[in-house]
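Encoded as C-alpha coordinates, the structure appears first; notes follow it.
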Amino acid sequence: MTNPYPDVRFHRFQEQITMYDLRYLRDNLDALRDQLGPRGTDVPWDSLRGLIEQRRSLTSQVEQLRSELKKGSDEVARLKREKQPADAAMAAMKAVGERIKAIEDELRGVEEPLTDLNLRIPNLPHASVPDGKDASSNVEARRWGTPPALTAPAKSHWDLGEALGILDFDRASKIAGARFAVMTGAGARLERALINYMLDLHTTQHGYREVLPPLLVNRASMTATGQLPKFEEDLFRLRDEDYFLIPTAEVPVTNLHRDEIIAETALPVRYTAYTPCFRREAGSYGKDTRGLIRLHQFNKVELVAFVKPEQSHEELERLTGHAETILQGLGLHYRVVTLCAGDMGFSAAKTYDIEVWLPSQNQYREISSCSNFEGFQARRGGIRYKGAAGKKDAKTEFVHTLNGSGLAVGRTLVAILENYQQPDGSVTIPAVLRPYMGGLELIRKE
RNA sequence: GGAGGGGUGGCAGAGCGGCCGAAUGCGCCAGUCUUGAAAACUGGAGACCUCGCAAGGGGUCCGCGAGUUCAAAUCUCGCCCCCUCCGCCA
(Lines give C-alpha, C1' and ligand atoms only; values in the text may rest on other atoms or scores of the structure.)
Protein backbone atom coordinates (compact mmCIF):
# COMPACT_ATOMS: atom_id res chain seq x y z
CA MET A 1 0.00 0.00 0.00
CA THR A 2 1.39 3.37 -0.89
CA ASN A 3 0.53 6.59 0.82
CA PRO A 4 -0.80 8.87 -1.90
CA TYR A 5 0.15 12.00 0.02
CA PRO A 6 3.68 11.17 1.17
CA ASP A 7 4.79 13.97 3.37
CA VAL A 8 1.35 15.45 3.98
CA ARG A 9 1.28 14.19 7.55
CA PHE A 10 -1.24 11.57 6.83
CA HIS A 11 -2.05 8.12 8.06
CA ARG A 12 -1.06 6.57 11.32
CA PHE A 13 -4.59 7.29 12.44
CA GLN A 14 -4.17 10.21 14.80
CA GLU A 15 -1.74 12.00 12.53
CA GLN A 16 -4.50 12.58 10.04
CA ILE A 17 -4.08 15.74 8.10
CA THR A 18 -7.02 17.81 9.20
CA MET A 19 -8.49 19.19 6.06
CA TYR A 20 -11.79 19.21 7.77
CA ASP A 21 -11.37 18.15 11.36
CA LEU A 22 -12.98 14.73 11.62
CA ARG A 23 -14.94 15.46 14.77
CA TYR A 24 -16.20 18.66 13.21
CA LEU A 25 -17.13 16.75 10.07
CA ARG A 26 -18.99 14.10 12.01
CA ASP A 27 -20.99 16.61 14.01
CA ASN A 28 -21.72 18.98 11.15
CA LEU A 29 -22.04 16.81 8.08
CA ASP A 30 -25.59 17.82 7.24
CA ALA A 31 -25.04 21.47 8.04
CA LEU A 32 -21.90 21.48 5.94
CA ARG A 33 -23.66 19.87 3.01
CA ASP A 34 -26.43 22.47 3.19
CA GLN A 35 -24.07 25.39 3.51
CA LEU A 36 -21.89 24.23 0.63
CA GLY A 37 -24.95 24.10 -1.57
CA PRO A 38 -23.92 23.78 -5.22
CA ARG A 39 -20.27 23.59 -4.25
CA GLY A 40 -20.79 20.29 -2.46
CA THR A 41 -22.88 18.41 -4.99
CA ASP A 42 -20.21 15.90 -5.99
CA VAL A 43 -19.24 14.97 -2.44
CA PRO A 44 -20.55 11.46 -1.56
CA TRP A 45 -21.93 12.45 1.81
CA ASP A 46 -23.31 9.06 2.79
CA SER A 47 -20.08 7.15 2.21
CA LEU A 48 -18.27 9.89 4.06
CA ARG A 49 -20.52 9.47 7.07
CA GLY A 50 -20.03 5.70 7.02
CA LEU A 51 -16.24 5.97 6.80
CA ILE A 52 -16.10 8.41 9.69
CA GLU A 53 -18.12 6.08 11.91
CA GLN A 54 -16.03 3.07 10.94
CA ARG A 55 -12.86 4.92 11.65
CA ARG A 56 -14.12 6.02 15.02
CA SER A 57 -15.06 2.53 16.07
CA LEU A 58 -11.83 0.94 14.81
CA THR A 59 -9.69 3.61 16.41
CA SER A 60 -11.23 3.08 19.77
CA GLN A 61 -10.73 -0.69 19.52
CA VAL A 62 -7.09 -0.26 18.59
CA GLU A 63 -6.48 2.12 21.44
CA GLN A 64 -7.98 -0.18 23.98
CA LEU A 65 -5.87 -3.09 22.77
CA ARG A 66 -2.77 -0.98 22.68
CA SER A 67 -3.31 0.06 26.24
CA GLU A 68 -3.61 -3.61 27.18
CA LEU A 69 -0.45 -4.44 25.25
CA LYS A 70 1.49 -1.71 26.96
CA LYS A 71 0.50 -2.87 30.41
CA GLY A 72 1.20 -6.48 29.48
CA SER A 73 4.65 -5.69 28.16
CA ASP A 74 5.51 -3.83 31.33
CA GLU A 75 4.38 -6.90 33.24
CA VAL A 76 6.69 -9.09 31.16
CA ALA A 77 9.56 -6.76 31.93
CA ARG A 78 8.74 -6.93 35.63
CA LEU A 79 8.55 -10.73 35.65
CA LYS A 80 11.86 -11.03 33.85
CA ARG A 81 13.53 -8.66 36.25
CA GLU A 82 12.26 -10.76 39.13
CA LYS A 83 13.35 -13.96 37.37
CA GLN A 84 9.84 -15.30 37.23
CA PRO A 85 8.40 -17.21 34.27
CA ALA A 86 6.95 -14.84 31.67
CA ASP A 87 6.00 -17.25 28.93
CA ALA A 88 2.27 -17.09 29.57
CA ALA A 89 2.22 -13.32 29.62
CA MET A 90 4.29 -13.16 26.44
CA ALA A 91 1.99 -15.54 24.64
CA ALA A 92 -1.04 -13.53 25.70
CA MET A 93 0.51 -10.33 24.45
CA LYS A 94 1.48 -11.93 21.18
CA ALA A 95 -2.20 -12.62 20.60
CA VAL A 96 -3.09 -9.04 21.47
CA GLY A 97 -0.43 -7.81 19.06
CA GLU A 98 -1.90 -9.86 16.27
CA ARG A 99 -5.37 -8.52 16.89
CA ILE A 100 -4.02 -4.99 16.82
CA LYS A 101 -2.31 -5.63 13.52
CA ALA A 102 -5.52 -6.98 12.01
CA ILE A 103 -7.58 -4.02 13.11
CA GLU A 104 -4.92 -1.61 11.95
CA ASP A 105 -5.06 -3.08 8.50
CA GLU A 106 -8.78 -2.57 8.47
CA LEU A 107 -8.32 0.97 9.72
CA ARG A 108 -5.92 1.77 6.93
CA GLY A 109 -8.50 0.57 4.47
CA VAL A 110 -10.94 3.07 5.91
CA GLU A 111 -8.60 5.99 6.29
CA GLU A 112 -7.31 6.07 2.77
CA PRO A 113 -10.66 6.70 1.09
CA LEU A 114 -11.74 8.90 3.98
CA THR A 115 -8.78 11.21 3.58
CA ASP A 116 -9.22 11.30 -0.14
CA LEU A 117 -12.88 12.27 0.18
CA ASN A 118 -12.06 14.79 2.87
CA LEU A 119 -9.48 16.47 0.65
CA ARG A 120 -12.12 16.85 -2.04
CA ILE A 121 -14.58 18.86 0.01
CA PRO A 122 -14.39 22.53 -0.99
CA ASN A 123 -14.14 25.41 1.44
CA LEU A 124 -17.20 26.94 3.01
CA PRO A 125 -18.15 30.37 1.58
CA HIS A 126 -18.01 33.25 4.04
CA ALA A 127 -21.35 34.67 5.17
CA SER A 128 -20.80 37.86 3.15
CA VAL A 129 -20.47 35.94 -0.12
CA PRO A 130 -23.48 36.24 -2.46
CA ASP A 131 -25.41 33.09 -3.35
CA GLY A 132 -25.47 31.87 -6.90
CA LYS A 133 -24.07 29.17 -9.07
CA ASP A 134 -22.18 31.02 -11.79
CA ALA A 135 -20.63 34.33 -12.79
CA SER A 136 -24.03 35.88 -13.50
CA SER A 137 -24.61 36.13 -9.75
CA ASN A 138 -21.39 37.98 -9.02
CA VAL A 139 -21.82 41.42 -7.50
CA GLU A 140 -19.94 44.51 -8.59
CA ALA A 141 -18.39 46.19 -5.55
CA ARG A 142 -16.90 49.33 -7.13
CA ARG A 143 -15.40 50.93 -10.21
CA TRP A 144 -12.35 53.11 -10.60
CA GLY A 145 -11.52 55.52 -13.42
CA THR A 146 -13.11 55.74 -16.83
CA PRO A 147 -12.54 54.02 -20.16
CA PRO A 148 -10.08 55.86 -22.41
CA ALA A 149 -11.50 58.23 -25.02
CA LEU A 150 -10.20 56.61 -28.19
CA THR A 151 -10.54 58.58 -31.41
CA ALA A 152 -10.37 55.53 -33.65
CA PRO A 153 -11.94 52.06 -33.32
CA ALA A 154 -10.03 50.05 -30.72
CA LYS A 155 -7.59 47.50 -32.12
CA SER A 156 -6.94 44.24 -30.30
CA HIS A 157 -3.68 43.86 -28.45
CA TRP A 158 -2.55 41.09 -30.77
CA ASP A 159 -3.05 43.26 -33.85
CA LEU A 160 -1.26 46.16 -32.19
CA GLY A 161 1.53 43.99 -30.83
CA GLU A 162 2.20 42.15 -34.08
CA ALA A 163 2.13 45.39 -36.09
CA LEU A 164 4.58 46.96 -33.65
CA GLY A 165 6.84 43.93 -33.88
CA ILE A 166 6.79 43.29 -30.12
CA LEU A 167 4.54 40.19 -30.01
CA ASP A 168 5.18 37.10 -32.11
CA PHE A 169 2.56 34.38 -31.92
CA ASP A 170 3.54 32.55 -35.11
CA ARG A 171 7.03 31.78 -33.94
CA ALA A 172 5.74 30.94 -30.46
CA SER A 173 3.53 28.25 -31.92
CA LYS A 174 6.44 26.96 -34.00
CA ILE A 175 8.79 26.60 -31.07
CA ALA A 176 6.22 25.55 -28.46
CA GLY A 177 2.63 25.36 -29.68
CA ALA A 178 -0.74 26.99 -29.21
CA ARG A 179 -1.22 29.24 -26.17
CA PHE A 180 2.35 30.44 -26.02
CA ALA A 181 3.73 33.86 -26.85
CA VAL A 182 7.06 35.41 -27.69
CA MET A 183 7.70 39.00 -26.66
CA THR A 184 10.53 40.93 -28.23
CA GLY A 185 12.13 44.35 -28.06
CA ALA A 186 10.02 46.95 -26.31
CA GLY A 187 7.39 44.26 -25.61
CA ALA A 188 9.83 42.14 -23.63
CA ARG A 189 11.09 45.20 -21.86
CA LEU A 190 7.56 46.37 -21.03
CA GLU A 191 6.80 42.99 -19.46
CA ARG A 192 9.97 43.27 -17.40
CA ALA A 193 9.19 46.88 -16.48
CA LEU A 194 5.77 45.85 -15.20
CA ILE A 195 7.24 43.09 -13.04
CA ASN A 196 9.72 45.49 -11.51
CA TYR A 197 7.16 48.23 -11.01
CA MET A 198 4.81 45.86 -9.22
CA LEU A 199 7.48 44.28 -7.03
CA ASP A 200 8.98 47.63 -6.11
CA LEU A 201 5.62 49.04 -5.10
CA HIS A 202 4.63 46.04 -3.01
CA THR A 203 7.96 45.78 -1.25
CA THR A 204 8.57 49.47 -0.59
CA GLN A 205 5.05 50.82 -0.12
CA HIS A 206 2.92 47.88 0.99
CA GLY A 207 5.24 45.98 3.33
CA TYR A 208 5.67 42.68 1.48
CA ARG A 209 8.87 40.66 1.52
CA GLU A 210 10.05 39.57 -1.91
CA VAL A 211 10.38 35.84 -2.56
CA LEU A 212 11.79 34.04 -5.58
CA PRO A 213 10.55 30.47 -5.12
CA PRO A 214 10.93 27.17 -6.99
CA LEU A 215 8.69 26.76 -10.03
CA LEU A 216 8.42 23.01 -9.50
CA VAL A 217 6.83 21.70 -6.34
CA ASN A 218 5.98 18.34 -4.84
CA ARG A 219 2.62 16.69 -4.35
CA ALA A 220 2.33 17.65 -0.69
CA SER A 221 2.56 21.34 -1.54
CA MET A 222 -0.08 21.08 -4.24
CA THR A 223 -2.34 19.24 -1.79
CA ALA A 224 -1.98 21.84 0.94
CA THR A 225 -3.08 24.75 -1.22
CA GLY A 226 -5.90 22.73 -2.77
CA GLN A 227 -4.82 22.05 -6.38
CA LEU A 228 -4.65 18.35 -5.51
CA PRO A 229 -6.14 15.83 -5.41
CA LYS A 230 -9.08 17.20 -7.34
CA PHE A 231 -7.54 19.29 -10.10
CA GLU A 232 -4.56 17.29 -11.27
CA GLU A 233 -5.70 17.58 -14.90
CA ASP A 234 -5.17 21.35 -14.77
CA LEU A 235 -1.50 20.98 -13.91
CA PHE A 236 1.63 20.23 -15.89
CA ARG A 237 3.49 17.31 -14.33
CA LEU A 238 6.98 16.01 -15.02
CA ARG A 239 7.11 12.59 -16.58
CA ASP A 240 9.97 11.05 -14.62
CA GLU A 241 9.54 12.58 -11.21
CA ASP A 242 6.57 13.55 -9.11
CA TYR A 243 6.98 17.29 -9.59
CA PHE A 244 4.40 19.74 -10.81
CA LEU A 245 4.88 23.09 -12.52
CA ILE A 246 3.31 25.76 -10.37
CA PRO A 247 0.06 27.25 -11.70
CA THR A 248 0.63 30.27 -9.44
CA ALA A 249 3.20 31.48 -6.91
CA GLU A 250 0.50 30.96 -4.29
CA VAL A 251 1.60 27.33 -4.12
CA PRO A 252 5.30 27.62 -3.26
CA VAL A 253 4.88 30.78 -1.21
CA THR A 254 1.99 29.55 0.94
CA ASN A 255 3.88 26.29 1.46
CA LEU A 256 6.87 28.21 2.79
CA HIS A 257 5.29 27.79 6.21
CA ARG A 258 3.74 24.36 5.79
CA ASP A 259 4.11 22.28 8.97
CA GLU A 260 5.41 25.25 10.86
CA ILE A 261 4.27 27.09 13.93
CA ILE A 262 4.72 30.83 13.42
CA ALA A 263 5.29 33.08 16.42
CA GLU A 264 2.25 35.22 17.01
CA THR A 265 4.47 38.30 17.17
CA ALA A 266 5.65 37.62 13.62
CA LEU A 267 2.13 37.92 12.21
CA PRO A 268 0.98 39.18 9.83
CA VAL A 269 3.54 37.73 7.41
CA ARG A 270 3.30 39.17 3.89
CA TYR A 271 5.17 38.00 0.80
CA THR A 272 5.23 39.06 -2.80
CA ALA A 273 6.66 36.88 -5.55
CA TYR A 274 7.16 37.16 -9.26
CA THR A 275 6.97 33.82 -11.06
CA PRO A 276 6.02 32.38 -14.39
CA CYS A 277 2.83 30.30 -14.03
CA PHE A 278 1.96 27.16 -15.95
CA ARG A 279 -1.54 25.91 -16.65
CA ARG A 280 -2.88 23.15 -18.84
CA GLU A 281 -6.05 25.11 -19.60
CA ALA A 282 -7.81 21.80 -20.07
CA GLY A 283 -11.44 22.42 -20.86
CA SER A 284 -10.93 25.94 -22.18
CA TYR A 285 -10.74 24.90 -25.83
CA GLY A 286 -11.89 27.68 -28.11
CA LYS A 287 -11.80 30.34 -25.38
CA ASP A 288 -9.43 33.28 -25.84
CA THR A 289 -7.44 31.42 -28.43
CA ARG A 290 -5.78 34.57 -29.73
CA GLY A 291 -3.47 36.91 -27.92
CA LEU A 292 -2.03 36.93 -24.43
CA ILE A 293 -5.18 36.45 -22.38
CA ARG A 294 -5.02 32.70 -21.87
CA LEU A 295 -1.60 31.06 -22.15
CA HIS A 296 0.02 27.87 -20.89
CA GLN A 297 2.79 30.05 -19.48
CA PHE A 298 2.37 33.56 -18.16
CA ASN A 299 4.00 35.89 -15.67
CA LYS A 300 2.37 36.96 -12.47
CA VAL A 301 3.31 38.94 -9.38
CA GLU A 302 1.56 37.40 -6.42
CA LEU A 303 0.70 38.68 -2.95
CA VAL A 304 0.44 36.18 -0.08
CA ALA A 305 -0.46 36.83 3.55
CA PHE A 306 -0.58 34.78 6.75
CA VAL A 307 -2.68 36.43 9.46
CA LYS A 308 -4.53 35.74 12.68
CA PRO A 309 -8.04 34.45 12.02
CA GLU A 310 -9.81 37.52 13.33
CA GLN A 311 -7.88 39.74 10.94
CA SER A 312 -8.29 37.87 7.68
CA HIS A 313 -11.29 39.66 6.25
CA GLU A 314 -9.78 43.03 6.97
CA GLU A 315 -6.60 41.74 5.33
CA LEU A 316 -8.52 40.71 2.23
CA GLU A 317 -9.73 44.27 1.77
CA ARG A 318 -6.24 45.54 2.28
CA LEU A 319 -4.60 43.07 -0.08
CA THR A 320 -7.19 43.75 -2.78
CA GLY A 321 -6.45 47.44 -2.34
CA HIS A 322 -2.74 46.76 -2.89
CA ALA A 323 -3.52 45.10 -6.20
CA GLU A 324 -5.79 48.00 -7.17
CA THR A 325 -2.99 50.46 -6.45
CA ILE A 326 -1.04 49.02 -9.38
CA LEU A 327 -3.87 49.64 -11.80
CA GLN A 328 -4.43 53.10 -10.42
CA GLY A 329 -0.75 53.92 -10.88
CA LEU A 330 -1.02 52.76 -14.47
CA GLY A 331 -4.21 54.77 -14.98
CA LEU A 332 -6.23 51.75 -16.10
CA HIS A 333 -9.99 51.67 -15.62
CA TYR A 334 -11.25 48.68 -13.68
CA ARG A 335 -13.98 47.30 -11.48
CA VAL A 336 -13.98 45.01 -8.46
CA VAL A 337 -16.41 42.11 -8.33
CA THR A 338 -17.38 39.95 -5.36
CA LEU A 339 -17.60 36.39 -6.62
CA CYS A 340 -20.71 34.44 -5.73
CA ALA A 341 -20.39 31.08 -3.97
CA GLY A 342 -20.66 29.03 -7.16
CA ASP A 343 -18.03 31.01 -9.07
CA MET A 344 -15.32 30.84 -6.42
CA GLY A 345 -12.35 28.52 -6.52
CA PHE A 346 -12.27 25.30 -4.51
CA SER A 347 -10.19 26.62 -1.60
CA ALA A 348 -11.58 30.13 -1.21
CA ALA A 349 -13.93 31.42 1.47
CA LYS A 350 -14.27 34.79 -0.25
CA THR A 351 -12.90 36.17 -3.49
CA TYR A 352 -12.74 39.56 -5.17
CA ASP A 353 -11.87 39.63 -8.84
CA ILE A 354 -10.40 42.80 -10.25
CA GLU A 355 -11.40 43.25 -13.87
CA VAL A 356 -9.66 45.71 -16.17
CA TRP A 357 -11.34 47.44 -19.07
CA LEU A 358 -10.36 46.17 -22.54
CA PRO A 359 -11.55 48.55 -25.27
CA SER A 360 -11.24 46.05 -28.14
CA GLN A 361 -13.48 43.58 -26.35
CA ASN A 362 -15.69 46.29 -24.93
CA GLN A 363 -15.73 44.50 -21.60
CA TYR A 364 -13.98 44.00 -18.29
CA ARG A 365 -11.54 41.09 -18.04
CA GLU A 366 -10.08 39.49 -14.94
CA ILE A 367 -6.59 40.76 -14.14
CA SER A 368 -6.42 39.80 -10.47
CA SER A 369 -8.15 37.43 -8.13
CA CYS A 370 -7.83 38.08 -4.40
CA SER A 371 -9.00 35.44 -1.95
CA ASN A 372 -9.26 34.73 1.72
CA PHE A 373 -8.88 31.01 2.33
CA GLU A 374 -9.49 31.38 6.02
CA GLY A 375 -8.17 28.21 7.71
CA PHE A 376 -8.69 25.91 4.72
CA GLN A 377 -5.14 25.83 3.40
CA ALA A 378 -3.70 26.21 6.88
CA ARG A 379 -5.45 23.03 8.02
CA ARG A 380 -4.37 21.09 4.95
CA GLY A 381 -0.82 22.34 5.31
CA GLY A 382 -0.45 22.43 9.09
CA ILE A 383 0.29 26.16 9.13
CA ARG A 384 -0.22 27.36 12.70
CA TYR A 385 0.72 30.13 15.05
CA LYS A 386 1.30 30.36 18.77
CA GLY A 387 1.77 33.02 21.40
CA ALA A 388 4.99 33.39 23.41
CA ALA A 389 6.42 30.03 24.48
CA GLY A 390 5.41 28.89 27.92
CA LYS A 391 2.68 31.45 28.37
CA LYS A 392 -0.29 29.86 30.05
CA ASP A 393 -2.88 31.03 27.54
CA ALA A 394 -0.67 30.37 24.50
CA LYS A 395 -2.65 28.11 22.23
CA THR A 396 -1.56 26.78 18.89
CA GLU A 397 -4.08 27.66 16.22
CA PHE A 398 -4.32 27.60 12.47
CA VAL A 399 -3.55 30.86 10.72
CA HIS A 400 -5.67 32.24 7.93
CA THR A 401 -4.04 32.48 4.50
CA LEU A 402 -4.78 34.88 1.69
CA ASN A 403 -3.43 35.62 -1.72
CA GLY A 404 -4.09 37.72 -4.76
CA SER A 405 -2.54 38.60 -8.07
CA GLY A 406 -0.80 41.87 -7.92
CA LEU A 407 -1.12 41.60 -10.94
CA ALA A 408 -1.21 39.15 -13.85
CA VAL A 409 1.61 40.72 -15.85
CA GLY A 410 0.69 39.60 -19.37
CA ARG A 411 -2.87 40.78 -19.00
CA THR A 412 -1.61 44.10 -17.67
CA LEU A 413 0.49 44.45 -20.79
CA VAL A 414 -2.63 43.70 -22.82
CA ALA A 415 -4.51 46.43 -21.00
CA ILE A 416 -1.74 48.95 -21.59
CA LEU A 417 -1.53 48.20 -25.30
CA GLU A 418 -5.26 48.48 -25.75
CA ASN A 419 -6.00 51.43 -23.47
CA TYR A 420 -2.99 53.52 -24.49
CA GLN A 421 -3.15 52.87 -28.22
CA GLN A 422 -2.91 55.83 -30.55
CA PRO A 423 -4.71 56.23 -33.89
CA ASP A 424 -1.47 55.43 -35.74
CA GLY A 425 -1.01 52.16 -33.90
CA SER A 426 1.70 53.37 -31.53
CA VAL A 427 1.29 52.97 -27.78
CA THR A 428 1.99 55.55 -25.06
CA ILE A 429 3.81 54.24 -22.02
CA PRO A 430 2.25 55.19 -18.66
CA ALA A 431 4.45 57.66 -16.82
CA VAL A 432 5.21 55.38 -13.85
CA LEU A 433 6.78 52.80 -16.17
CA ARG A 434 9.06 55.17 -18.07
CA PRO A 435 11.90 55.00 -15.55
CA TYR A 436 11.81 51.22 -16.03
CA MET A 437 11.87 51.65 -19.83
CA GLY A 438 14.96 53.80 -20.09
CA GLY A 439 12.80 56.88 -20.45
CA LEU A 440 10.87 55.56 -23.45
CA GLU A 441 7.49 57.33 -23.80
CA LEU A 442 6.03 55.77 -26.88
CA ILE A 443 6.29 52.37 -28.54
CA ARG A 444 6.39 52.72 -32.33
CA LYS A 445 6.93 50.24 -35.09
CA GLU A 446 10.55 49.19 -34.93
C1' G B 1 25.34 9.57 -10.54
C1' G B 2 29.40 7.02 -6.96
C1' A B 3 31.51 6.57 -1.72
C1' G B 4 30.90 7.83 3.34
C1' G B 5 28.35 10.33 7.54
C1' G B 6 23.79 12.03 9.59
C1' G B 7 18.21 13.33 10.56
C1' U B 8 15.92 13.19 18.52
C1' G B 9 11.58 18.67 21.88
C1' G B 10 12.21 26.42 19.92
C1' C B 11 17.81 25.58 19.25
C1' A B 12 22.13 22.60 20.51
C1' G B 13 22.84 17.67 21.99
C1' A B 14 22.88 12.65 24.95
C1' G B 15 20.51 8.03 24.63
C1' C B 16 21.40 2.90 20.58
C1' G B 17 15.85 -3.25 22.96
C1' G B 18 12.00 -2.71 28.69
C1' C B 19 12.57 1.88 34.44
C1' C B 20 12.62 7.00 27.68
C1' G B 21 7.94 11.63 25.89
C1' A B 22 13.08 11.20 26.25
C1' A B 23 19.29 13.50 30.23
C1' U B 24 21.91 18.07 29.95
C1' G B 25 22.82 23.10 28.20
C1' C B 26 20.84 27.46 25.89
C1' G B 27 16.55 30.00 24.92
C1' C B 28 11.33 30.85 26.75
C1' C B 29 7.39 31.89 30.83
C1' A B 30 6.26 32.87 36.15
C1' G B 31 8.01 33.91 41.03
C1' U B 32 11.87 35.49 44.82
C1' C B 33 15.55 39.34 45.25
C1' U B 34 16.02 44.63 43.07
C1' U B 35 13.89 51.61 42.56
C1' G B 36 14.06 49.07 37.64
C1' A B 37 16.99 45.70 34.92
C1' A B 38 20.87 42.07 34.82
C1' A B 39 22.82 38.08 37.62
C1' A B 40 21.52 34.34 41.05
C1' C B 41 17.89 31.11 42.99
C1' U B 42 12.95 28.52 42.77
C1' G B 43 9.17 26.74 39.86
C1' G B 44 6.81 25.97 34.88
C1' A B 45 6.33 24.75 29.80
C1' G B 46 6.07 19.98 23.44
C1' A B 47 2.65 18.68 19.17
C1' C B 48 -1.59 15.89 18.27
C1' C B 49 -5.73 12.06 18.18
C1' U B 50 -9.75 9.97 20.85
C1' C B 51 -13.79 9.29 24.75
C1' G B 52 -16.27 12.83 28.09
C1' C B 53 -20.97 18.42 29.67
C1' A B 54 -16.81 18.63 32.78
C1' A B 55 -13.22 16.80 36.04
C1' G B 56 -10.46 13.44 33.87
C1' G B 57 -9.20 8.80 31.12
C1' G B 58 -6.88 6.23 26.92
C1' G B 59 -3.68 6.51 22.66
C1' U B 60 0.02 8.49 18.90
C1' C B 61 4.44 11.28 17.70
C1' C B 62 12.54 10.64 18.28
C1' G B 63 12.66 12.30 9.13
C1' C B 64 8.55 9.03 6.45
C1' G B 65 6.73 4.08 5.74
C1' A B 66 6.97 -1.26 6.24
C1' G B 67 8.88 -5.24 9.29
C1' U B 68 11.26 -8.26 13.60
C1' U B 69 9.83 -8.65 18.98
C1' C B 70 5.75 -9.88 24.59
C1' A B 71 8.19 -4.87 24.16
C1' A B 72 11.49 -0.30 19.22
C1' A B 73 14.06 6.52 19.49
C1' U B 74 17.16 2.06 19.89
C1' C B 75 17.38 -3.94 15.41
C1' U B 76 16.12 -4.97 9.73
C1' C B 77 14.38 -3.20 4.88
C1' G B 78 12.53 0.70 1.49
C1' C B 79 11.90 5.91 0.63
C1' C B 80 12.79 11.24 1.54
C1' C B 81 15.99 15.07 3.13
C1' C B 82 20.78 17.21 4.90
C1' C B 83 26.33 17.19 5.19
C1' U B 84 31.49 15.70 3.28
C1' C B 85 34.47 13.84 -0.81
C1' C B 86 34.53 12.30 -6.12
C1' G B 87 32.12 12.84 -11.00
C1' C B 88 29.02 16.00 -14.11
C1' C B 89 27.26 20.87 -14.78
C1' A B 90 24.56 26.75 -15.33
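Keep in mind that what you see is a predicted model, and the values were worked out from it rather than measured. Naming: A, B, ... by sequence-line order, numbering from 1 per chain.
Taking atom CZ on A:R219 and atom C1' on B:rC80, their separation rounds to 15 Å, with Å as the unit. One can place CZ of A:R56 at 11 Å from C1' of B:rG52, the figure rounded to the nearest angstrom. One interatomic measurement links the two molecules: CD of A:E241 to P of B:rC79, which rounds to 14 Å at whole-angstrom precision. If you measure from atom CG of A:L107 to atom P of B:rC49, you get 16 Å, rounded to the nearest angstrom. A:E111 places its CD atom 13 Å from the P atom of B:rC49, with the value rounded to the nearest Å. Remark: P of B:rG67 and CD1 of A:I100 are 13 Å apart, rounded to the nearest angstrom. In this structure, A:E104 atom CD and B:rU60 atom C1' are separated by 11 Å, rounded to whole Å. Per the geometry, CD1 belonging to A:I103 stands 16 Å off P belonging to B:rG59, to the nearest Å.
For the C1' atoms, the distance linking B:rC77 with B:rC19 amounts to 30 Å, nearest Å. B:rU84 and B:rC75 have their P atoms separated by 25 Å, given to the nearest Å. Nucleotides B:rA3 and B:rC79 place their P atoms 13 Å apart, quoted to the nearest Å. As rounded to the nearest Å, B:rA22 and B:rG4 have P atoms that lie 37 Å from one another. When the P atom is used for both B:rG21 and B:rA37, the distance is 40 Å, rounded to whole Å. B:rG27 and B:rC80 have their P atoms separated by 39 Å, with the value rounded to a whole Å. Distance check on atom C1': B:rU24 versus B:rA14 gives 7 Å, rounded to whole Å. Atom name C1', nucleotides B:rC16 and B:rU34: the rounded distance is 48 Å, in whole Å.
Residues A:M222 and A:P247 come closest through the heavy atom pair CE-CD, 3.5 Å.
Summarising the base pairing, B:rA30 is matched to B:rU42 through a Watson-Crick or G-U wobble pair whose two defining distances lie under 3.5 Å. Pairing of B:rC48, defined by two Watson-Crick or G-U wobble distances under 3.5 Å, is identified with B:rG59. B:rA14 is unpaired under the Watson-Crick or G-U wobble criterion, no partner having all donor-acceptor distances under 3.5 Å. Figure legend. B:rC64 is base-paired to B:rG78; pairs are counted as Watson-Crick or G-U wobble with both atom distances under 3.5 Å. Across all strands shown, nothing is found opposite B:rG87 as a Watson-Crick or G-U wobble partner with both distances under 3.5 Å.
Relative to the side chain of A:R108, the nucleotides B:rG67, B:rU60, B:rC81 differ in distance, and B:rG67 lies closest. The side chain of A:E63 has B:rG59 as its nearest neighbour among B:rC70, B:rA47, B:rG59.
Under a 4.0 Å N-O distance rule, the pair A:R99/A:E68 does not qualify as a salt bridge. Salt bridge A:R219/A:D242: present, at least one basic N to carboxylate O contact under 4.0 Å.
Contact annotation: the side chain of A:M344 approaches that of A:V129 to within less than 4.5 Å [non-hydrogen atoms, C-beta and beyond].
Regarding contacts with the backbone of B:rU68, a side-chain N or O of A:K101 is found under 4.0 angstrom from either OP1 or OP2. Within the structure, every side-chain polar atom (N or O) of A:R55 is placed at least 4.0 Å from both OP1 and OP2 of B:rC49. Side-chain N/O atoms of A:R26 include none lying less than 4.0 angstrom from OP1 or OP2 on B:rC49. A sub-4.0 Å separation between OP1 or OP2 of B:rC19 and a side-chain N or O of A:R78 is absent. Contact annotation: A:S67 reaches the phosphate of B:rG59 (side-chain N/O to OP1 or OP2, under 4.0 Å). For the OP1/OP2 pair of B:rU60 and a distance below 4.0 Å, the side-chain nitrogens and oxygens of A:K70 include at least one atom meeting the criterion.
Comparing A:D74 and A:S60, the nucleotide of RNA chain B nearest to each residue sits closer to the 5' end for A:D74.
When each of A:V182, A:L190, A:L417 is tested with A:I166 by the rule side-chain contact (heavy atoms from CB on, under 4.5 Å), just one qualifies, namely A:L417. Of the options A:E191, A:R411, A:R279, A:R179, a side-chain contact (heavy atoms from CB on, under 4.5 Å) to A:F298 is made by A:R279 and by none of the others.
The residue A:M90 sits close to a base: some heavy atom pair falls under 4.0 Å.
Taking the six-membered ring where the residue is Trp, A:H206 and A:H322 present parallel rings, their angle staying beneath 30° rather than reaching 60°.
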